[in-house]
Amino acid sequence: MTIPPTLFFITDYACQANPVCQPEPYREAPDPLGPGGRGREYEIVSAAGVDSMKIALRATAHLDFVPGEPSGNRYGETVAVYYTIAWLDRYLKGADDPATAQDAYGRLTASVFDDSADRHNLSQGFWDPVKAAESGDPVYGGNVPYIIAEMPVANRLSIYFHSKCNISVPGSSGRAQSSDLRATGCAA
């Protein structure tokens with residue numbers, strides 16, 4: 001069985017220990033793999049030489065991934081969208097287009113976010129009555145989504161759990177690897 005390139009997301013806070021899913025400070029250092037020991041899957045896939053990334057989203061909980069539920073983090077969704085778009089561009093679109101693969105690789109290994117996720121973000125944010133009036137749509141026209149462009153990647157990654165990468169460099173036999181993206185980035 002061939003394991004495809006795999007992108008993992010984990011949150012800072014697990015809901016099993018907290019049924020209401022409210023983030024609470026850790027009273028002692030948590031398991032460095034992730035809440036509830038999540039993260040072992042990345043270690044297995046990465047050790048097999050499969051292109052993989054584990055993104056530990058800062059100040060997030062499980063409900064940040066559930067549409068319609070209150071979100072605990074204004075940027076978590078957009079960061080997840082950023083990495084998902086870059087990942088799919090790298091491994092699906094990039095399979096047939098070397099330029100797309102190289103561009104997506106650049107986004108996956110960037111130290112600062114570009115606007116690729118912001119262009120698709122219609123979700124969380126704040127409501128601007130002036131923008132709503134100008135648009136003529138009083139309900140949705142005033143939405144101003146949170147943006148991550150020009151924000152340092154390290155600022156959106158967990159301070160408790162390490163984000164990691166082990167991905168091939170397009171058109172090369174080299175690999176970009178890191179056991180702590182927040183501290184060192186993902187570099188070849």
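In what follows, every heavy atom counts, from backbone to side chain, and hydrogens, waters and symmetry copies are set aside.
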Side-chain H-bond candidate by donor/acceptor type, Arg58 with Thr11, under 3.5 Å: no

Any Phe8 side-chain heavy atom under 4.5 Å of Met53 side chain: no

Heavy-atom check, side chain of Gln177 versus side chain of Ile167, under 4.5 Å: no

From Lys164 atom NZ to Thr184 atom OG1, the distance as rounded to the nearest 0.5 Å: 11.0 Å

Thr109 side-chain N/O to Tyr105 backbone N/O, donor-acceptor pair under 3.5 Å: yes

From OG (Ser116) to CD1 (Ile148), nearest 0.5 Å: 7.0 Å

Side-chain H-bond candidate by donor/acceptor type, Ser52 with Asn166, under 3.5 Å: no

Under 3.5 Å, which donor-acceptor pairs link side chains of residues 125-133 to any protein atom two or more places apart or in another chain?
from   : atom 1 : to     : atom 2 : distance (Å)
Asp128 : OD1    : Val130 : N      : 2.9
Asp128 : OD1    : Lys131 : N      : 3.3
Lys131 : NZ     : Asn143 : O      : 2.9

Donor-acceptor pair between Ser135 and Asp137 side chains, under 3.5 angstrom: no

Heavy-atom closest contact (Arg182 atom, Ser158 atom, distance): CD-O, 3.2 Å

Distance-minimising heavy-atom pair for Ala176 and Val169: N-CG2, 4.1 Å

N-O pairing of Lys54 and Glu41 below 4.0 Å: no

Non-hydrogen side-chain atoms of Val79 and Phe113 separated by less than 4.5 Å: yes

Stepwise side chain to side chain contact (heavy atoms under 4.5 Å, CB included) test for Asp114 and Glu150: CA-CA 6 Å; Asp114 67 10; Glu150 300 182 26; over 6 Å; no

Note, Pro32 side chain near Phe161 side chain (heavy atom, < 4.5 Å): no

Where Arg90 and Ser168 come nearest, the two heavy atoms and their spacing: NH2-OG, 2.9 Å

Within residues 130-159 or reaching into it, pairs that qualify as disulfide (SG to SG under 2.5 Å) - sequence neighbours excluded: none

Rounded distance (nearest 0.5 Å) linking atom CG of Asp118 with atom OG1 of Thr78: 6.5 Å

Separation between CG of Asp97 and CG of Leu92, rounded to the nearest 0.5 Å: 12.5 Å

Arg156 vs Ser163, side chain to side chain donor-acceptor pair (under 3.5 Å): CA-CA, chis, key distance, verdict: CA-CA 11 Å; Arg156 301 300 356 128; Ser163 294; over 6 Å; no

N-O pairing of Asp89 and Lys93 below 4.0 Å: yes

Minimum heavy-atom distance between Phe9 and Ala80, given as atom pair plus value: CZ-O, 3.5 Å

Pairwise distance CD1(Ile44) to CD1(Ile3) - rounded to 0.5 angstrom: 9.0 Å

Nearest non-hydrogen partners of Ala117 and Val81, listed with the distance: CB-CG1, 4.0 Å

Ring geometry between Tyr13 and Tyr160 (parallel below 30°, tilted from 30 to 60°, perpendicular above 60°): perpendicular

Exercise: identify the closest heavy-atom pair between Val153 and Ala110: CG2-O, 3.4 Å

Any side-chain heavy-atom pair of Arg40 and Asp31 under 4.5 Å: yes

From CE (Met151) to CG (Asp115), nearest 0.5 Å: 13.0 Å

Hphob cluster co-occupancy, Ile85 + Leu7, side-chain heavy atoms under 4.5 angstrom: no

Salt bridge (charged side-chain N to carboxylate O under 4.0 Å, His left out) partners of Asp103, counting only residues at least two apart: Arg107

Any side-chain heavy-atom pair of Leu108 and Cys186 under 4.5 Å: no

Side chains of Ile55 and Leu157 in contact at under 4.5 Å (non-hydrogen atoms): yes

